Amino acid sequence: MRKITIAVDGHSSCGKSTMAKELARELQYIYIDSGAMYRAATLFALRNNLINNGQVDQKTLISKLDQICIEFKYNESSQKADTWLNGENVEEEIRQLPVSQNVSPVATIKEVRQKMVALQQAMGQEKGIIMDGRDIGTVVFPDAELKIYMTASEEVRAQRRYDELIGKKQDVSFEDILKNVRERDYIDQNREESPLRKADDALILDNSNLTPVEQLQWALVKANEIIQQ
Ligand code: CDP
């Protein structure tokens, strides 16, 4: 059966990764979380004291880009791929609020994006891949056979992220999460480099009122239609 490329873009915390992961499992495709790569680059910047009060020392970060090695390695116990930064498993740490609060400014930097996009395109050469992010259908894989643009209301997205972090026993407030969701949306949509926007040929999936099972069904139907063409 022919293999296709599936690009999933959309706002923060709208369930892109849940949908993309499950779709990848159903189709036996590779799933790549491109946001994890920007998060790992942000963790690198934080650890090297290159971010102070939200201000990124862009010049130094750009000069150190070749010291950032990001890999995905399959974790047998959780049965999913973890993100590794320079030989260390950083999957947990990149999901925490300090990284979330600083990732969008880091992701505005042209040189950072160029490095990540080159890595992402190399991963997608063989097709049979689902990647989620902000610029996958517009910049990384403009020729993807299926492009999905996902969204949901701000409150629904903040609630989902809040539940996820509380489930991981993190001490967070709903207000802080909602603020973070709004700020990231604003930066992601208004930045100069590859802003978040719907590709002209992307299908919109608003999942405010859909369960994970319903959204997976929707995506599977779309993917199979194209695969069987
Ligand atoms: O999980 P969530 O959707 O909230 O975010 P993420 O996918 O982990 O991405 C974190 C941040 O990385 C986003 O807010 C964007 O600023 C940036 N990003 C990006 O610029 N381009 C991508 N392809 C993926 C993420």
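Every number for a ligand or one of its atoms is a count from 1 in the order of the listing. All values reported here derive from a predicted model rather than from experimental measurement.
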Worksheet item: With a 3.5 Å cut-off and no angle check, do the side chains of Asp132 and Tyr31 form a donor-acceptor pair?
Response: yes
Discussion item. Treating Arg157 as the side-chain partner and Ser13 as the backbone partner, does any N or O pair qualify as donor plus acceptor under 3.5 Å?
Written reply: no
Worksheet item: What do you reckon, does Met116 put a non-hydrogen atom under 4.0 Å from ligand 1?
Response: no
Practice prompt. Please name the residue in the list Val99, Thr108, Val103 that meets the side chain to side chain contact (heavy atoms under 4.5 Å, CB included) test with Tyr38.
Written response: Val103
Worksheet entry | N or O contact, Ser34 vs ligand 1, cut-off under 3.5 Å | yes
Item to complete: Decide whether His11 and Gln189 meet the rule of one side-chain donor and one side-chain acceptor closer than 3.5 Å.
Response: yes
Practice prompt. May I ask you to check if ligand 1 and Ser12 share an N or O to N or O distance below 3.5 Å?
Written response: no
Worksheet entry | Side chain, backbone, both or neither: Met37 near ligand 1, heavy atoms under 4.0 Å | neither
Fill in: Atoms of ligand 1 close to Gly133 [distance to a heavy atom under 4.0 angstrom, numbered from 1]
22 (C), 23 (N), 24 (C)
Worksheet entry | N or O contact, Arg184 vs ligand 1, cut-off under 3.5 Å | yes
Item to complete: Just jot down the ligand 1 atoms closer than 4.0 angstrom to any heavy atom of Asp135, in number order.
Response: 21 (N), 22 (C), 23 (N)
Response to the item:
Counting from 1 in the order shown, the ligand 1 atoms closer than 4.0 Å to a non-hydrogen atom of Ser104 are 14 (O), 16 (O)
Item to complete: Please could you name the atoms of ligand 1 that Asp188 approaches to less than 4.0 Å, counting only its heavy atoms?
Response: 13 (C), 14 (O), 15 (C), 16 (O)
Worksheet item: Going through the checks in order, is the salt bridge (charged side-chain N to carboxylate O under 4.0 Å, His left out) test met by Arg134 and Glu193?
Response: CA-CA 11 Å; Arg134 302 293 187 282; Glu193 278 303 315; over 6 Å; no
Worksheet item: Which of the atoms in ligand 1, numbered in the order shown and given with their element, are less than 4.0 Å from a heavy-atom of Ala107?
Response: 16 (O), 17 (C), 20 (O)
Discussion item. Between Lys179 and Glu183, does the salt bridge (charged side-chain N to carboxylate O under 4.0 Å, His left out) criterion hold? Intermediate values first, please.
Written reply: CA-CA 6 Å; Lys179 189 163 163 271; Glu183 281 170 0; 3.5 Å; yes
